[in-house]
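Since the structure comes first, as structure tokens, the remarks are kept for the end.
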Amino acid sequence: MLTKDELPTCPVATTVQLIGSKWKLLIIRNLLERPWRFNELQKSLEGISQKVLTDSLRSMEADGIITRTVFPEVPPRVEYALSDLGKTLRPILDSMKAWGENYKNRKVDI
């Protein structure tokens, strides 16, 4: 996790640094629905490697965006969910979804 002094001064740049990768945004999109297990996430994100998924989840956990819960079962079950902070990203992703839908449905090609 970066300290406040290490974050960019621009708030938009801070947001992009924390969630700006393609995979992080898609992981967050999924976690807005419900908690997911690692293999479920990997199968739902076509093209993501195990390493990239692991690194993305670890990074978002360190930044306080997601939580990782290990259930004391045999075999162990691990679920990833959005933290309270992570849930505040919903309006951003809702806006991105609306913009993407509007772009795809525009009447005039650019």
Side-chain angles (χ1 to χ4, degrees):
M1 180 196 282
L2 297 174
T3 66
K4 288 184 180 181
D5 291 337
E6 295 172 319
L7 292 172
T9 53
C10 172
V12 173
T14 297
T15 304
V16 168
Q17 184 168 339
L18 293 172
I19 65 164
S21 79
K22 167 188 173 181
W23 295 117
K24 285 183 180 181
L25 286 168
L26 295 177
I27 292 166
I28 292 166
R29 176 204 62 193
N30 285 6
L31 294 177
L32 282 168
E33 295 175 16
R34 62 176 173 83
W36 290 65
R37 295 175 72 172
F38 185 91
N39 286 338
E40 290 179 305
L41 279 170
Q42 189 172 19
K43 288 176 185 171
S44 73
L45 301 169
E46 189 175 323
I48 193 169
S49 69
Q50 182 174 345
K51 179 185 181 341
V52 170
L53 179 55
T54 299
D55 291 348
S56 297
L57 290 169
R58 285 182 181 161
S59 171
M60 289 190 293
E61 183 181 13
D63 291 331
I65 295 169
I66 67 168
T67 60
R68 179 180 184 268
T69 304
V70 180
F71 294 90
E73 301 172 356
V74 177
R77 177 171 52 108
V78 178
E79 284 187 351
Y80 296 90
L82 288 176
S83 65
D84 289 340
L85 174 64
K87 291 175 186 173
T88 66
L89 294 167
R90 182 178 295 278
I92 295 171
L93 269 74
D94 287 346
S95 293
M96 292 176 74
K97 178 183 176 184
W99 190 92
E101 288 171 349
N102 288 335
Y103 183 83
K104 286 170 55 174
N105 295 325
R106 70 190 187 285
K107 302 286 186 216
V108 179
D109 287 331
I110 300 173

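Heavy-atom basis, side chains included; hydrogens, waters and symmetry copies ignored. If you're wondering where the values come from, they're calculated on a predicted model, not measured in any experiment.
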Nearest-0.5 Å distance that lies between atom [atom1] in [X] and atom [atom2] in [Y]:
{"X": "Ile28", "Y": "Ser21", "atom1": "CD1", "atom2": "OG", "result": "8.0 Å"}
{"X": "Thr67", "Y": "Leu57", "atom1": "OG1", "atom2": "CG", "result": "11.0 Å"}
{"X": "Leu41", "Y": "Thr54", "atom1": "CG", "atom2": "OG1", "result": "10.5 Å"}
{"X": "Met60", "Y": "Tyr80", "atom1": "CE", "atom2": "OH", "result": "10.0 Å"}
{"X": "Cys10", "Y": "Leu7", "atom1": "SG", "atom2": "CG", "result": "11.5 Å"}
{"X": "Ser49", "Y": "Trp23", "atom1": "OG", "atom2": "CH2", "result": "8.5 Å"}

Q: Apply side chain to side chain contact (heavy atoms under 4.5 Å, CB included) to Phe38 and Leu53, showing your working.
A: CA-CA 8 Å; Phe38 185 91; Leu53 179 55; 3.6 Å; yes
Nearest non-hydrogen partners of [X] and [Y], listed with the distance:
{"X": "Trp36", "Y": "Asn30", "result": "NE1-O, 2.8 Å"}
{"X": "Lys24", "Y": "Ile19", "result": "CB-O, 4.0 Å"}
{"X": "Arg90", "Y": "Leu32", "result": "NH2-O, 3.0 Å"}

Under 3.5 Å, side chain of [X] to main-chain N/O of [Y], donor-acceptor pair present?
{"X": "Ser56", "Y": "Val52", "answer": "yes"}
{"X": "Ser83", "Y": "Gly64", "answer": "yes"}
{"X": "Thr14", "Y": "Pro8", "answer": "yes"}
{"X": "Arg58", "Y": "Asp55", "answer": "no"}

Side-chain donor-acceptor contacts of residues 92-99 below 3.5 Å, not counting sequence neighbours, with atom names and distances?
from	atom 1	to	atom 2	distance (Å)
Ser95	OG	Pro91	O	3.0

Q | salt bridge (Lys or Arg N to Asp or Glu O under 4.0 Å) against Arg77, all qualifying residues, sequence neighbours excluded | A |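 Arg77: salt bridge (Lys or Arg N to Asp or Glu O under 4.0 Å) contacts with Glu73, Glu79.
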Q.
According to a hydrophobic-cluster definition based on side-chain heavy atoms being under 4.5 Å apart (Ile, Leu, Val, Met, Phe, Trp, Tyr only), do Val70 and Leu31 belong together?
A.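 Val70 clusters together with Leu31.
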Q: Under the side chain to side chain contact (heavy atoms under 4.5 Å, CB included) rule, what do Leu45 and Arg29 come out as? Steps first, then yes or no, please.
A: CA-CA 11 Å; Leu45 301 169; Arg29 176 204 62 193; 3.8 Å; yes
